Protein chains: 2
Amino acid sequence: MPLMDHPAVQKFVLHWGEMGSQWGVNRSVSQIHALLYLSDRPLHAEEIVEALSLARSNVSTGLKELQGYGIVRRTHVPGDRRDHFVAETDLWEMLLRIAAERKRREIDPTIAHLAELAREAEADGALPPHVRQRIARMHEFIGTLSGWYEQVRGLPKPTLVALMKLGGKVARFVSPFGRKGDAAAD
Amino acid sequence: MPLMDHPAVQKFVLHWGEMGSQWGVNRSVSQIHALLYLSDRPLHAEEIVEALSLARSNVSTGLKELQGYGIVRRTHVPGDRRDHFVAETDLWEMLLRIAAERKRREIDPTIAHLAELAREAEADGALPPHVRQRIARMHEFIGTLSGWYEQVRGLPKPTLVALMKLGGKVARFVSPFGRKGDAAAD
DNA sequence: AAATTCTTTCTGTTTTTACTGAAGCAAGCG
DNA sequence: CGCTTGCTTCAGTAAAAACAGAAAGAATTT
């Protein structure tokens, strides 16, 4: 029984496609991803074509994109020449990879661009000081976020999970003036 | 001298517009936002029209959207009937508000949808167990992230900044006997 | 190496989204 | 009031993105 025949699968895939498009990801791409996520075995392109009623070419492009994000990978099924595909099922891993790739594609170039702009702004005497300052602030801000991500991405998953569960409580480890090591657990 | 006459401003606005569209935000909307961010005084719609060469109606819609995100607000300039607009300049505040709004619009409905799906999946005997499990896992995962956000958003800004600067080092509070990749190095 | 099977790339079409200009509406002013 | 000014909504148009089908390109088999 094909996966898509289950109403729950159908709905999941449709919603995931919607979500994607709200975040700047092509709807077909996120649908393919959703389908693979719910599959417990590697699928080949033709199966995806049938499940989602997409053109073969479209599926090919979509798979490439997903592989670019590192959340889908090709595998081989013994005795079958066709490429098969599986999605990352560890959701932390998935999130971190998507984040990494979007950072690489969008954030890093933005930081570079802002750095360049900040340099130019420095040289431009006619530029109002507040503009210079706001560009610099944005540059710094995005840089800080980016640096934070770089650090967090390297943490072992159990640590991430623990931190997340801790939520706002981590705040007690940091006090505006105090020492960072002041761990007053309750 | 109009803001947009400065090359740095021009470039900033264009790049910000690009960025926006990659994240599912209308290019005009993010351009308007960029312009207001760089302005040190409230602008009225007509000024934005001229600066960005957009239709008046378009600017009106864009401003409404930005107000919806809570990152632009209307002000009144004494002796002028027209509405004027200023952008939030505190970047933390900006980020948190955008996050809050996107959560409200996209994440919360998704969680609700997943909850509904999970219920249905429970009842559907024909549904393969691994599908049930993966839907449940996704539901839980997004719920956890969402809960984390709710906690973090409430923290005072200096605390946020401190935590961010601390980066991966917060890990030592949660896994005292650090593991691979853990930020053991000072 | 010819034929088959599978994948990717390319081009034209469709669909969606963004945008404009006009019309409608509201508020303040003469 | 009725006129002016400013804002929003709406409908048609333009631009952009997504998509399908055809053609080309690899790889494998015979």
Side-chain angles (χ1 to χ4, degrees), chain A residues 13-36 42-69 72-86 102 105-106, chain B residues 13-36 42-69 72-86 102 105-106:
Chain A
V13 167
L14 288 182
H15 188 90
W16 206 242
E18 260 334 290
M19 268 297 264
S21 66
Q22 283 173 318
W23 288 86
V25 176
N26 180 307
R27 180 181 277 101
S28 304
V29 170
S30 28
Q31 285 188 356
I32 294 171
H33 178 238
L35 180 65
L36 288 173
L43 302 180
H44 60 259
E46 199 56 42
E47 290 180 286
I48 300 174
V49 165
E50 279 161 28
L52 303 177
S53 312
L54 298 173
R56 182 59 238 275
S57 56
N58 210 359
V59 169
S60 179
T61 309
L63 287 168
K64 215 171 138 194
E65 178 74 358
L66 289 167
Q67 286 172 281
Y69 275 105
V72 161
R73 67 168 203 281
R74 265 183 26 200
T75 58
H76 286 287
V77 168
D80 195 330
R81 265 179 60 193
R82 294 168 292 189
D83 290 340
H84 287 64
F85 300 89
V86 280
R102 295 207 78 151
R105 292 189 197 179
E106 297 151 23
Chain B
V13 167
L14 288 182
H15 188 89
W16 206 242
E18 260 333 289
M19 268 297 263
S21 66
Q22 283 172 318
W23 289 86
V25 176
N26 181 307
R27 179 179 279 102
S28 304
V29 171
S30 28
Q31 285 189 355
I32 295 171
H33 178 238
L35 180 65
L36 288 174
L43 302 180
H44 60 260
E46 199 56 42
E47 290 180 287
I48 300 174
V49 165
E50 279 161 28
L52 303 176
S53 312
L54 298 173
R56 182 58 238 274
S57 55
N58 207 2
V59 169
S60 179
T61 311
L63 286 168
K64 216 171 139 195
E65 177 74 358
L66 289 167
Q67 286 173 281
Y69 275 106
V72 161
R73 68 169 204 282
R74 265 183 25 200
T75 58
H76 287 287
V77 168
D80 195 330
R81 266 178 59 195
R82 293 168 294 189
D83 290 339
H84 287 64
F85 300 89
V86 280
R102 295 207 78 150
R105 292 189 196 178
E106 297 150 23

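For the numbers below, each heavy atom of this structure counts, side chains included, while hydrogens, waters and symmetry mates do not. Within every chain, numbering begins at 1; the chains are lettered A, B, ... in the order of the sequence lines, protein sequences first and strands thereafter. Only a predicted model underlies this, so the values are computations on that prediction, with no experimental measurement involved.
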Please report, rounded to the nearest Å, how far the [atom2] atom of [N] is from the [atom1] atom of [X].
| X | N | atom1 | atom2 | value |
| --- | --- | --- | --- | --- |
| Q22(B) | dA18(C) | CD | P | 15 Å |
| D83(A) | dA26(D) | CG | P | 15 Å |
| H44(B) | dG6(D) | NE2 | C1' | 10 Å |
| R27(B) | dA16(D) | CZ | P | 7 Å |
| D80(A) | dA27(D) | CG | P | 17 Å |
| L63(A) | dT9(C) | CG | C1' | 15 Å |
| E65(B) | dC19(C) | CD | C1' | 15 Å |
| E18(B) | dA16(D) | CD | P | 11 Å |

- Item | Modelled atom types, side-chain donor and acceptor of H15(A) and E18(A), under 3.5 Å |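 E18(A) and H15(A) do not have a side-chain donor-acceptor pair below 3.5 Å.
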
Counting only side-chain N and O atoms of [X], is one of them less than 4.0 Å from OP1 or OP2 of [N]?
| X | N | result |
| --- | --- | --- |
| S28(B) | dC19(C) | yes |
| N26(A) | dC19(D) | yes |
| R81(B) | dG28(C) | no |
| K64(B) | dT9(D) | yes |
| S57(A) | dG21(D) | no |
| R56(A) | dT7(C) | yes |

- More than 12 heavy atoms of other groups within 6.0 Å of R56(A) CZ: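 Yes - once you tally the heavy atoms of other residues, nucleotides and ligands closer than 6.0 Å, there are more than 12.
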
- Query: Should the heavy atoms of other residues, nucleotides or ligands under 6.0 Å from CZ of R105(B) be counted, would the total exceed 12?
  - Reply: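 Yes, the 6.0 Å shell around CZ holds more than 12 heavy atoms from other groups.
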
- Message: Taking any heavy-atom pair under 4.0 Å as a contact, classify S53(A): base, sugar-phosphate, or nothing.
- Response: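 Sugar-phosphate contact only - S53(A) comes under 4.0 Å of backbone atoms but never of a base.
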
- Item | Atom pair CH2/CD of W23(B) and E106(A) - distance to nearest 0.5 Å |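 Separation between the atoms: 5.5 Å.
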
- Separation of L36(A) CG from F85(A) CZ (nearest 0.5 Å):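 Between F85(A) CZ and L36(A) CG, I get 8.5 Å after rounding to 0.5 Å.
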
- Message: Judged by each residue's nearest nucleotide on DNA chain C, which is more toward the 5′ side, N58(B) or E46(A)?
- Response: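 In this pair, the answer is E46(A).
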
- Item | Residue mapping more 5' on DNA chain C - nearest nucleotide basis, V29(B) or R82(A) |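 The 5'-side residue here is R82(A).
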
